[in-house]
Amino acid sequence: MTFYQGQSLADAVREATAVLTDAGVPTPRVDAELLADHLLGVGLGRLRAMLLGDTPAPVGYRELVEERAGRVPLQHITGVAYFRYLELRVGPGVFIPRPETESVVQLVIDHLAGVRKPKVVDLGTGSGAIAGSIAHEIPDADVHAVEFSTFAHAWAAKNLEPLGVTLIQGDLRDALPEHNGTFDVVVSNPPYIPAEAIPTEPEVALHDPPEALYGGGADGMELPTAAAASAARLLKPGGYFVMEHAEVQAEWIAGMLRRAGHWNDVTTHFDLNGKERATSAVLASTAPDE
Ligand SMILES: C[S@@+](CC[C@H](N)C(=O)[O-])C[C@H]1O[C@@H](n2cnc3c(N)ncnc32)[C@H](O)[C@@H]1O
């Protein structure tokens, strides 16, 4: 790459867009703008206005574009992921939160409307996106979060401490036994990808941690099944469980919950793209057998 030195911002962003397009980046223009804004710190609106003038390209832009052309996730380069109302710190070792998970948070918020001081736990919190959003949007909620990866736990601590979330490093399968039967909501976006379904995008395959992706077992269902069992253990009777999953897993997960015998109102939910990406259920009033 020989561009950008002494170039105008507009020309540099145009060339960066071409470089990112050639590299197969799915949203090249927006990424080129966001990388420029990462250096200039003016916000996208102002940056777009500056593209109409003769502002020079910022120093260091070329290096960032090269990194992104190597398919390093944009959020690892900028160090920030936007999720609902939060600006989360992210980087190597933690799963980048996805827009579809914002719909899962909305299900929790809607369910808890009018409930005073609800007690909520997020199993496999990663960056803390779900737990942090609930704490932010329901200020009187008592929010807990569980994460077993040391790296992800460190990112979650940065994001969740200022929001007053109680974060523990532990395994979602047996975490928080002292809180059994006390939560109003258990929410989880567990790893669920089947062992053989290796993602094709380099950003995911090479940069999202494997322990955040693969659910265990040929069908990826070990950790989602474990999350459901933990939810039955942690919830109070009548408590609400909601879990994200792949579209193709919706029917299997609904069947798994119905067969368990202690869930009512098993419901599949659509994300903003109309895909069946989450399932909720309400714990029956009688205690689960397991
Ligand atoms: C798909 S990521 C979701 C992260 C975050 N909740 C989100 O929605 O962006 C799954 C997370 O679960 C964590 N995890 C995997 N196995 C776990 C286990 N047995 N106990 C606790 N956390 C686990 C991973 O490290 C990862 O952070």
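Just follow the structure's listing: the first ligand is 1, and inside any ligand the first atom is 1. All figures in this text were calculated on a predicted structure; none of them were measured in a lab.
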Quiz item: For the side chain of Glu137 and the backbone of Ile134, is there at least one donor-acceptor N/O pair under 3.5 Å apart?
Solution: no

Quiz item: Transitive ILVMFWY cluster of Val80 at side-chain heavy atoms under 4.5 Å: who else is in it?
Solution: Tyr82

Quiz item: By the rule that ILVMFWY residues connect when side-chain heavy atoms come within less than 4.5 angstrom, directly or transitively, which residues belong alongside Val248?
Solution: none

Quiz item: When hydrophobic residues are tied together by side-chain contacts of less than 4.5 Å, even through go-betweens, does Val187 share a cluster with Leu107?
Solution: yes

Quiz item: Should the pair Tyr240 and His111 be assigned to parallel (<30°), tilted (30 to 60°) or perpendicular (>60°) ring geometry?
Solution: parallel

Quiz item: Listing by chain and number, which residues have a heavy atom under 4.0 Å from ligand 1?
Solution: Phe95, Pro97, Thr101, Gly124, Thr125, Gly126, Ile130, Glu147, Phe148, Ser149, Gly170, Asp171, Leu172, Arg173, Asn189, Pro190, Pro191, Glu211, Ala212, Leu223

Could you go through residues 40-56 and list every donor-acceptor pair under 3.5 Å that involves a side-chain atom there, pairing it with any protein atom two or more places apart or in another chain?
unit_1: Arg48; atom_1: NE; unit_2: Glu33; atom_2: OE1; d: 2.8
unit_1: Arg48; atom_1: NH2; unit_2: Glu33; atom_2: OE1; d: 2.6

